[in-house]
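Chain naming here is simple, since letters A, B, ... match the order of the sequence lines and numbering starts at 1 in each.
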Number of protein chains: 2
Amino acid sequence: MADQQAFFDLLDIMESERAVEPKRFFALMRSTFNIENLLYIDVELLPRGFRVHRLCHTFEADLPEVYRDRNAGCIDAVLRMASGDIRPVDLADSRKRYPASETLFQAALHFGLTPEGIILPLSAPARRCARLVIQADVAPAEWASYRRCHLRDFQLLANLFHASLLESDARRRDQHPASVILTNRETEVLGWAAAGKSYWEIATILGITERTVRFFMTNARRKLNVVSNTQAVAQAMRHALIPVS
Amino acid sequence: MADQQAFFDLLDIMESERAVEPKRFFALMRSTFNIENLLYIDVELLPRGFRVHRLCHTFEADLPEVYRDRNAGCIDAVLRMASGDIRPVDLADSRKRYPASETLFQAALHFGLTPEGIILPLSAPARRCARLVIQADVAPAEWASYRRCHLRDFQLLANLFHASLLESDARRRDQHPASVILTNRETEVLGWAAAGKSYWEIATILGITERTVRFFMTNARRKLNVVSNTQAVAQAMRHALIPVS
DNA sequence: CCATAACCTGTCACTACCGACAGTTTTGCC
DNA sequence: GGCAAAACTGTCGGTAGTGACAGGTTATGG
């Protein structure tokens, strides 16, 4: 078991500093624990493929290029399947659970990756998927006890690191997202439109005239600064103004 | 500092058992650490108010009712503001940061809540907000060192407990969410429709005829089993078939 | 070579949506 | 009481969306 004090020193740093650079965090992690490599990835899953928000790691610089050349499709598939995971997953377990990722692991072996590592899930907004991969420099036989001992450290520090990055992103953006306020009726009407109801149907449901439904929808379109009901529903869902379900 | 072994015993339980009942988890937590009270809450934020998915706690049984009677609006506001938090937050800090929650704290004091506690953020899908509140039975002067010592334990165990609940929810539902596959063109036209473009505009953008755009949109509607373009966009956004941005 | 899927196009008739005109009634707050 | 905002209604004319008809082209894989 590694030095307890070293963890608490690192915890103090992560809690006190507002913005922690990835390189610094990686260096601190490596000096505190017996870590061989770290990889942080934050992507947005799109209907086709994905968009990388942030990717930083301690592997050789051209690792992403090699992965991309090998098979981008399988990265996509694995990210998609794993995006729902909430528990930490061992690299070995991940390899078994997602056979599609075998190509990735084969490629990663050439960069020095060993099975003694863990994938930590990180909180992320909708359609975002963030992970911190930690690969330890321990013998296979020692991995289980090492993991058991440091899982709590890794998960907390990873969360704090992730929070630090997201917060600095938010500070950089510094853009407040419109904050449109819809009335009760406007929200209701939008919700029913999202459910595929026509003006006449919504009017019947709400017990008002079709003309009034149109009035609310027009106001909603004007407030959302859009030109069609379809766009209005999309915009309202983006800003969480109408429920998903 | 509490017994290290007790934590690892609890960790083993949380990692080995698929479904951990809240009452059991709470009891284990209380017997392992000097915990006075625990509260787990998982809500969905709606445009107006919120919907509670799960709420369990060790306070007196009528705590939620008292809260509701006091001021439901402020719960709403605080949940909304705090939903973006990723870091653990001390109860005292939360009270200072969200003045709107003062009424809540005043009410909670009557149920035995003390400021020596922490709010742990938990991974949640879009518009969902889950938290585990842990209130320790320690003297105010000891809180800082207690927190520092056990934060990593709490965060990891809370994550595992949360994962356990979500997984059992998923098992209970046992419903695969359609998994509709849209073609490239169908995805494109849906995306432009969500951007407020008309058939004619989309046709011009994509360099095809308006009729063809209608063809793709009709196929998309059929696949998504919906009756209007508006509903199709809403459905596609729900299933993450078109990007948010 | 045939089947399949994706992509592409045309016409017709009907319905729904959209903006702009001009109001009334109700509700809540100072 | 006065005021503002929300809720509600009516009519008109133009544009957009919708379903059903009936095709053709290209690429992929068995």
Spacing between [X] atom [atom1] and [N] atom [atom2], to the nearest angstrom:
| X | N | atom1 | atom2 | answer |
| --- | --- | --- | --- | --- |
| A/Arg214 | C/dA20 | CZ | P | 14 Å |
| A/Lys223 | C/dG19 | NZ | P | 16 Å |
| A/Glu201 | C/dT15 | CD | P | 14 Å |
| B/Leu190 | D/dT18 | CG | P | 11 Å |
| A/Trp200 | D/dT18 | CH2 | C1' | 18 Å |
| B/Arg222 | D/dA20 | CZ | P | 11 Å |
| B/Lys197 | D/dA16 | NZ | C1' | 15 Å |
| B/Glu210 | D/dT15 | CD | P | 13 Å |

(message) Under a 3.5 Å threshold, yes or no: a donor from one side chain and an acceptor from the other, between A/Arg221 and A/Asn229?
(response) yes
(request) Examine the base of C/dT11 for any acceptor or donor lying under 3.5 Å from a partner atom in the side chain of B/Arg211, and report the outcome as yes or no. (result) yes
Under 4.0 Å between a side-chain N or O of [X] and OP1 or OP2 of [N]?
| X | N | value |
| --- | --- | --- |
| B/Thr212 | C/dT9 | yes |
| A/Thr209 | D/dT9 | yes |
| A/Thr183 | D/dA7 | yes |
| B/Asn229 | D/dT18 | yes |

Between [X] and [Y], is there a donor-acceptor pair closer than 3.5 Å when you use the side chain of the first and the backbone of the second?
| X | Y | result |
| --- | --- | --- |
| A/Glu186 | A/Thr183 | yes |
| A/His57 | A/Asn37 | no |
| B/Thr218 | B/Arg214 | yes |

For [X], answer base if it contacts any base atom (sugar-phosphate contacts may also be present), sugar-phosphate if it contacts only those atoms, and nothing otherwise; contact means non-hydrogen atoms under 4.0 Å.
| X | result |
| --- | --- |
| B/Arg185 | sugar-phosphate |
| B/Asn219 | nothing |
| A/Tyr199 | sugar-phosphate |

(message) By nearest heavy atom, map B/Phe215 and B/Thr218 onto DNA chain D; which one lands nearer the 5' end?
(response) B/Thr218
(message) Assess whether a salt bridge exists between A/Arg87 and B/Glu15, defined as any Lys/Arg side-chain N lying under 4.0 Å from an Asp/Glu carboxylate O.
(response) no
